[in-house]
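What follows is one structure encoded as structure tokens, with my remarks underneath.
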Amino acid sequence: MKNALLRLEPVLDTRYRLRSVRPVRPIPTPGSDTAALLREMLATNPAHFAARTALADQSADAGAIEAACQLRWEGAQLVCDLLDRASASDETVLLDWDDPYTASALTMVYDSAADHFVIGDFELATALLESVLDADPEDHSNASELLAFCYAALEEWELFDEILSVLPPESLSTRLASYWGTFRRAENQPENQPGERSETTAKSAALRTLIRTESPALFREWSATDHDPDPNAANPPAAVEARRLWLRTESLWREFPEFVAFLKG
């Protein structure tokens, strides 16, 4: 199966690798005209994912964030269009991550999902992450981690529980998703009757205590006032990890500030 730019090449049973219909030229060595050469390569072959990634990275480094996101989004659409066509024909398509071209294409979809996560478009981020995970159940890109936060944002609790169960429980990210999911579920329960308020207050206090004792670095970061984008590497590793996790999920706390307010309270 193919579209105008991509085709699926069988590897074994239901496993495939992606192939560009047009030639994929080598990436130019860095130089003053690299960006122009990369644009020329993409004009010739929009499915040149290595060139698309290199140009997106250059654009982001130059401060052209919107242009970088658009490059990744257009690349993701090429991949998802082909996978959607295969899915529509009831064909099971698993992609071969060990193939470099296929891995670069799937990474493009993941990166675009991360872009949409950052701007708070959790529905589109979810759709893209699910496409990655469907094509690569071994989850080489770690799409499951970000997907857990998306499911909690969308209140897809059955899917949230399912994906949380396969994430490493010792990971700070898994713990954060679990804490936030617990808080968000409780917050969105119907209004309590007067006699139930004390029980709700006790549960809230228990959750705050759990976070403070089980994940102190996370508690300190989420209850802090400032979050320097360049964490001091001399800090304890857990503190550095918590800062990076805050920066990675900051769009959630802009959209859903109640959890941070709860921890600060």
Side-chain angles (χ1 to χ4, degrees), residues 56-70 72-73 107 110-126 128-129 141-156 160 163-164 167-188 204-265:
D57 290 346
Q58 284 195 15
S59 298
D61 290 342
I65 304 299
E66 186 174 345
C69 292
Q70 185 64 27
R72 291 189 283 261
W73 168 234
T107 300
Y110 175 87
D111 288 345
S112 185
D115 289 339
H116 286 89
F117 183 87
V118 166
I119 63 173
D121 191 343
F122 304 117
E123 289 189 5
L124 187 48
T126 296
L128 292 171
L129 291 167
S141 62
N142 200 24
S144 297
E145 181 181 294
L146 201 57
L147 197 50
F149 290 103
C150 288
Y151 284 149
L154 299 175
E155 298 184 75
E156 295 283 357
F160 174 79
I163 206 157
L164 202 68
L167 291 173
E170 71 282 357
S171 164
L172 199 62
S173 176
T174 304
R175 290 182 182 181
L176 174 63
S178 177
Y179 299 147
W180 184 49
T182 299
F183 172 80
R184 187 157 166 72
R185 277 168 150 154
E187 180 192 33
N188 291 327
S204 296
L207 177 60
R208 187 182 289 109
T209 300
L210 175 67
I211 299 172
R212 183 187 288 114
T213 56
E214 185 178 69
S215 304
L218 189 152
F219 184 87
R220 284 192 295 271
E221 186 65 41
W222 261 250
S223 57
T225 302
D226 298 316
H227 307 275
D228 190 334
D230 295 314
N232 187 347
N235 288 337
V240 174
E241 183 184 356
R243 175 65 51 83
R244 289 172 178 166
L245 184 56
W246 167 275
L247 296 172
R248 188 177 181 215
T249 60
E250 190 172 4
S251 58
L252 286 173
W253 321 123
R254 291 196 303 267
E255 187 73 19
F256 306 103
E258 300 83 4
F259 182 60
V260 174
F262 162 72
L263 292 181
K264 288 183 175 180

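Given the structure is predicted, the values throughout are model-derived calculations rather than measurements. Worth knowing before you read on, the calculation uses all heavy atoms, side chains too, and leaves out hydrogens, waters and symmetry mates.
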Whether W73 and H116 hold their rings parallel, tilted or perpendicular, with breakpoints at 30° and 60°: perpendicular

Would you name the heavy atoms of T126 and C150 that are closest together and state the gap between them? OG1-CB, 3.1 Å

Run the ring-centre check on W222 versus Y179 and record whether the distance is less than 6.0 Å. no

Would you mind reporting whether Y110 and L129 have side-chain heavy atoms less than 4.5 Å apart? yes

Output for pair (E156 CD, L147 CG), nearest 0.5 Å, gives 10.0 Å

What's the shortest heavy-atom distance between A113 and A125, and which atoms? O-CB, 3.5 Å

Donor-acceptor check, side chain of R175 to backbone of E214, threshold 3.5 angstrom: yes or no? yes

Check for a donor-acceptor pair, side chain of R208 on one end and backbone N or O of F262 on the other, with a separation under 3.5 Å. yes

Can you tell me if R184 uses its side chain to pair, donor with acceptor, with the backbone of A153 under 3.5 Å? yes

Which atom names give the shortest non-hydrogen contact between L263 and S223, and what distance separates them? O-CB, 4.1 Å

Nearest 0.5 Å please: distance from the OG atom of S171 over to the CD atom of E241. 6.0 Å

Between atom CZ of F117 and atom OG of S112, what is the distance when rounded to the nearest 0.5 Å? 14.0 Å

Compare every heavy atom of L247 with every heavy atom of D228, then report the nearest pair and how far apart it is. O-CD1, 4.1 Å

For E66, does the CD atom have more than 12 heavy-atom neighbours from other residues, nucleotides or ligands under 6.0 Å away? no

Taking the side chain as every heavy atom from C-beta outward, state whether E187 and F259 have any atom pair closer than 4.5 Å. no

Starting at CG of L124, measure out to CD1 of I119 and round the result to the nearest 0.5 Å. 8.0 Å

Does E123 have more than 12 heavy atoms from other residues, nucleotides or ligands lying within 6.0 Å of its CD? no

Could you tell me if the side chain of R248 sits less than 4.5 Å from the side chain of F149, heavy atoms only? no

Is the shortest distance from a Lys or Arg side-chain nitrogen in R72 or D111 to a carboxylate oxygen in the other one below 4.0 Å? no

Scanning both residues in full, the closest heavy-atom pair of A177 with L164 reads CB-CD1, 4.0 Å

Just by distance, do the side chain of S178 and the backbone of T174 share a donor-acceptor pair under 3.5 Å? no

Interatomic spacing from OG1 in T249 to CZ in R254 - rounded to 0.5 Å: 10.0 Å

Give me the atom names and distance for the closest heavy-atom approach of L146 to A114. CD2-CA, 4.1 Å

Ignoring hydrogens and angles, tell me if any N or O in the side chain of R212 forms a donor-acceptor pair with the backbone of F219 under 3.5 Å. no

Side-chain touch F122/L252, heavy atoms, less than 4.5 angstrom: yes

Measure the spacing between OG of S215 and CG of L176 and express it to the nearest 0.5 Å. 8.5 Å

Does the S141 side chain pair with the main chain of T107, one donor and one acceptor, at a distance under 3.5 Å? no

Would you call the rings of W246 and W253 parallel, tilted or perpendicular if under 30° counts as parallel and over 60° as perpendicular? parallel

